[in-house]
Amino acid sequence: MKLQVKGITKVLPNDKKLLDQISFEVKKGEFVGIIGKSGAGKTLTLKCINGLLKPDSGSVCLIDEAGKIRELNRVKGKKLRETRQMIGVVFQGFHLVKRLTSLENVLIGRLGSISPWRSILLGFTDKEAHEALDLLEKVGIKDLAFRRLGSLSGGEMQRVAIARALFQSPAILLADEPIANLDPANALAIMQLLQPLKSKMPVVGVFHQPEMVARFCTRVIGLKNGQVIYDGEPRLEAAQLLEIYGEELGELSSLAY
Ligand SMILES: Nc1ncnc2c1ncn2[C@@H]1O[C@H](COP(=O)(O)OP(=O)(O)OP(=O)(O)O)[C@@H](O)[C@H]1O
Ligand SMILES: [Mg+2]
């Protein structure tokens, strides 16, 4: 599977360009880190990729091994739901249900692909429950399967979110700041979980830690004012970081790694 983002643009009524001709491709085998200062357009870009937001122009396509192209902004209704189901999303704490257990939170990752009456009854099969348990084991928290999500730590919740995205059997994986607010050990553990997934699907993450991107990603994309200003090697020079994050960052030494 390949993700192809071509010239996506999002413009406000006052002509301010939030996204300005963003183009890039991510293939299976790649783990791409998107960096850029607050407001650069990172989250908006991910929202356009998973179909939560429709760009004013440009296209987002999923192209499978056989060359079949699914263009996100052209499909509607059931086809759109099917295409979105192919995109696994991990957002910080986002759309996890606090009053349900970890296991139930993983199970609801597949709701988009089962019939509505089943989703209401939460009637999952034993096989599905075992699959979900296996995923919780994979992310290292099988023992928390029956704990209420609301009682988990941030790092543990993040693992549930990853297990849930994987339970959906996605063809690509998007993660918006998956290691924000995590201590260094948990941040490292989450990066170690995400990195090997690239062998199965294209993985795209938004990060505020250039040093983590340099260590774990295969490529980095630098966004500034809604534009791609860097796309290449994950280890950036100090001058490149300064360009991406802007002069107001002040002391360069704070970014040394
Ligand atoms: N619906 C909207 N209407 C107007 N402006 C918007 C809207 N949604 C986002 N923006 C603006 O678009 C810009 C990019 O937002 P985005 O959420 O992509 O930033 P980001 O790069 O993810 O930043 P952060 O690192 O803080 O998460 C911001 O200036 C934001 O205020
Ligand atoms: Mg954001």
Side-chain angles (χ1 to χ4, degrees), residues 3-26 31-60 72-73 84 87-96 154-155 157-158 161-162 164-165 172-184 186-187 190-191 194 202-217 219-232 234 236 240-250 252 254-255 257:
L3 165 71
Q4 184 188 64
V5 177
K6 242 190 190 162
I8 57 172
T9 300
K10 190 80 195 165
V11 191
L12 286 179
N14 65 6
D15 281 344
K16 182 179 167 13
K17 285 186 176 149
L18 298 178
L19 298 179
D20 187 3
Q21 293 287 336
I22 303 241
S23 297
F24 58 87
E25 288 190 3
V26 186
F31 176 14
V32 170
I34 300 181
I35 61 170
K37 64 182 186 180
S38 186
K42 304 180 297 296
T43 297
L44 285 181
T45 300
L46 289 196
K47 283 185 175 169
C48 286
I49 296 174
N50 85 340
L52 269 178
L53 190 76
K54 198 171 157 41
D56 296 321
S57 61
S59 64
V60 174
L72 209 67
N73 310 122
R84 288 193 61 193
I87 305 170
V89 185
V90 180
F91 282 156
Q92 176 97 38
F94 182 65
H95 60 202
L96 290 174
M157 281 190 207
Q158 207 53 347
I162 292 172
R164 182 168 78 170
I172 76 167
L173 187 71
L174 309 176
D176 196 3
E177 301 197 29
I179 58 171
N181 307 323
L182 296 186
D183 67 39
N186 268 304
I190 296 295
M191 292 306 269
L194 291 175
V203 181
V204 182
V206 168
F207 299 101
H208 281 299
Q209 301 84 348
E211 70 289 351
M212 284 291 199
V213 170
R215 186 164 161 196
F216 290 97
C217 293
R219 218 171 97 213
V220 61
I221 290 176
L223 284 189
K224 188 175 191 177
N225 302 326
Q227 293 181 330
V228 174
I229 64 161
Y230 179 88
D231 184 345
L236 295 169
Q240 293 169 316
L241 286 171
L242 189 62
E243 199 194 340
I244 291 167
Y245 287 106
E247 304 292 339
E248 64 266 42
L249 195 70
L252 245 186
S254 66
L255 273 176
Y257 60 88

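Atoms within a ligand are numbered from 1 in the order they appear, just like the ligands themselves. Computed from a predicted model, the values in this text were never measured in an experiment.
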Notebook entry, point to check: Applying the side chain to side chain contact (heavy atoms under 4.5 Å, CB included) test to Asn50, which of Ile87, Ile172, Val60, Leu72 qualifies?
Noted result: Ile87
Check: ligand 1: which residues have a non-hydrogen atom closer than 4.0 Å?
Finding: Leu12, Leu18, Lys37, Ser38, Gly39, Ala40, Gly41, Lys42, Thr43, Leu44, Glu177, His208
Next item on the list: Establish, from distance only, whether the side-chain atoms of Thr43 and Asp176 form a donor-acceptor pair under 3.5 Å.
Entry: yes
Checklist line | Close side-chain approach of Ile221 and Val32, heavy atoms under 4.5 Å | finding: yes
Note to self: Are more than 12 heavy atoms, taken from residues, nucleotides or ligands other than Lys47, located less than 6.0 Å from that residue's NZ atom?
What the structure shows: no
Note to self: Looking at Asp231 and Arg219, is there a salt bridge between them, counting it only when a charged N and a carboxylate O are closer than 4.0 Å?
What the structure shows: yes
Notebook entry, point to check: Looking at side-chain heavy atoms only, is the closest gap between Leu52 and Arg84 below 4.5 Å?
Noted result: yes
Notebook entry, point to check: Of the non-hydrogen atoms in Asn73 and Lys54, which two are nearest, and what is the gap between them?
Noted result: O-NZ, 3.8 Å
Item checked: Pairwise side-chain contact, Leu46 with Val204, heavy-atom cut-off 4.5 Å (strictly under) -> yes
Notebook entry, point to check: Are the side chains of Ile244 and Lys224 in touch, meaning some heavy atoms are under 4.5 Å apart?
Noted result: no
Check: What's the count of protein N, O or S atoms under 2.8 Å from the Mg ion (ligand 2)?
Finding: 1
